[in-house]
Amino acid sequence: MKILFVCLGNICRSPAADGVLLHRIKELDLAEQIQVDSAGTSAYHEGEGADRRMQEHANKRGYTLPSISRGFTKRDLEEFDLIIAMDKSNYRNILKLDIEGKYKNKVKLFCSFCSGPYTSYEEVPDPYFGGARGFEEVMDLVENGVEGILNQYGNKER
Ligand code: 4NP
C-alpha cells in the first residue's frame with residue numbers, strides 16, 4: 001500500500017507525518033506492506049529538506065525527517081492508494097486536480113485518524129509562522145494520527 005501525506009509547503013507537517021510513519025514502519029517491520037511519501041499543494045519550497053524547526057522538534061522525539069519538498073501532481077492521485085491531507089485547504093486543493101471525481105475515496109483528512117485527546121481536531125494547524133508550541137502540537141497530532149493509520153492499514157497484530 002502506498003501512502004502520501006500532503007500539506008501546503010511540504011516542509012513541516014507532511015514531512016513530520018512521513019518521518020513518524022517511516023519510523024513506526026521500521027519498528028513494526030512493515031516495510032514490505034507500506035510505502036510512504038509526502039508532497040505539497042504548493043511547490044514553493046521544491047527541493048528543500050524539512051524546515052529546521054520541524055526537524056528539531058522531531059529529532060527531540062527520536063525521529064528523523066528525510067523528505068525533500070516536491071509539489072503534489074495529478075499523477076499522485078493515480079499512484080497512491082491513500083492520500084492524506086493535513087488540513088482542509090490541502091484537501092480541497094488535492095480534489096481540484098481530480099477533475100472526473102474518480103479518486104475522492106482515497107483522499108482523507110489526517111485528523112480523521114486521530115483519537116483520544118485529539119479527536120476534536122479537524123486539521124493539523126500550520127506551524128510555519130508561529131512558535132515552538134505549534135511544532136509540538138504538530139508532533140503530538142502526528143504521533144497520534146499515525147497510530148490510527150497503522151491500526152487501520154498496518155495489518156500485523158499489535
Ligand atoms: P507546511 O507549512 O504546509 O506544513 O509545510 C508551511 C510551510 C511553508 C509555508 C506555509 C506553510 N509558506 O508560506 O512558505
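One-based numbering, in listed order, for ligands and for the atoms of each. Numbering of residues begins at 1 and proceeds along the displayed sequence. Predicted, not measured: the structure shown is a model, and the values here were computed from it.
Contact between H45 and ligand 1 is present, with at least one heavy atom of the residue lying under 4.0 Å from the ligand.
For ligand 1, the atoms closer than 4.0 angstrom to any heavy atom of I11 are 5 (O), 7 (C), 8 (C). Heavy-atom contacts of C12 reach the following atoms of ligand 1: 1 (P), 2 (O), 4 (O), 5 (O) (cutoff under 4.0 Å). Shown in contact with F129 at under 4.0 Å from a heavy atom are these atoms of ligand 1, numbered in order with element: 13 (O).
D76 places no side-chain N or O within 3.5 Å of a backbone atom of F72 that could act as its donor or acceptor partner. Of the possible polar contacts, one joining the S42 side chain to the Y44 backbone as a donor-acceptor pair under 3.5 Å is found.
In this structure, the separation between OH on Y103 and CD1 on I83 is 9.0 Å, given to the nearest 0.5 Å. Expressed to the nearest 0.5 Å, how far NE2 of H45 lies from CG of L8 amounts to 7.5 Å.
Salt-bridge check for D98 with K74: failed, with every basic side-chain N at 4.0 Å or more from each acidic carboxylate O. Electrostatic pairing of R24 and E27 counts as a salt bridge here, judged by a charged N lying under 4.0 Å from a carboxylate O.
For the 3.5 Å distance criterion, the side chains of E137 and Y118 fail to qualify, holding no donor opposite an acceptor.
Both the backbone and the side chain of L8 come within 4.0 Å of ligand 1, judged by heavy-atom distances. Proximity of V138 to ligand 1, defined as any heavy-atom pair under 4.0 Å, is not found for any part of the residue.
Atom 11 (C) of ligand 1 has its closest protein heavy atom at D126 OD2, 3.1 Å. The nearest protein atom to atom 4 (O) of ligand 1, hydrogens excluded, is given as R13 NE, 2.7 Å; this is a heavy-atom distance. What sits closest to atom 9 (C) of ligand 1 on the protein, heavy atoms only, is Y128 CD2, 3.5 Å. In this structure, atom 1 (P) of ligand 1 lies nearest to the protein heavy atom C7 SG, 3.5 Å.
At least one side-chain heavy atom of V20 sits under 4.5 Å from a side-chain heavy atom of M139.
Taking distance alone, with nitrogen or oxygen atoms compared against 3.5 Å, Y44 stays at or beyond that limit from ligand 1. The shortest N/O to N/O separation between G9 and ligand 1 falls below 3.5 Å.
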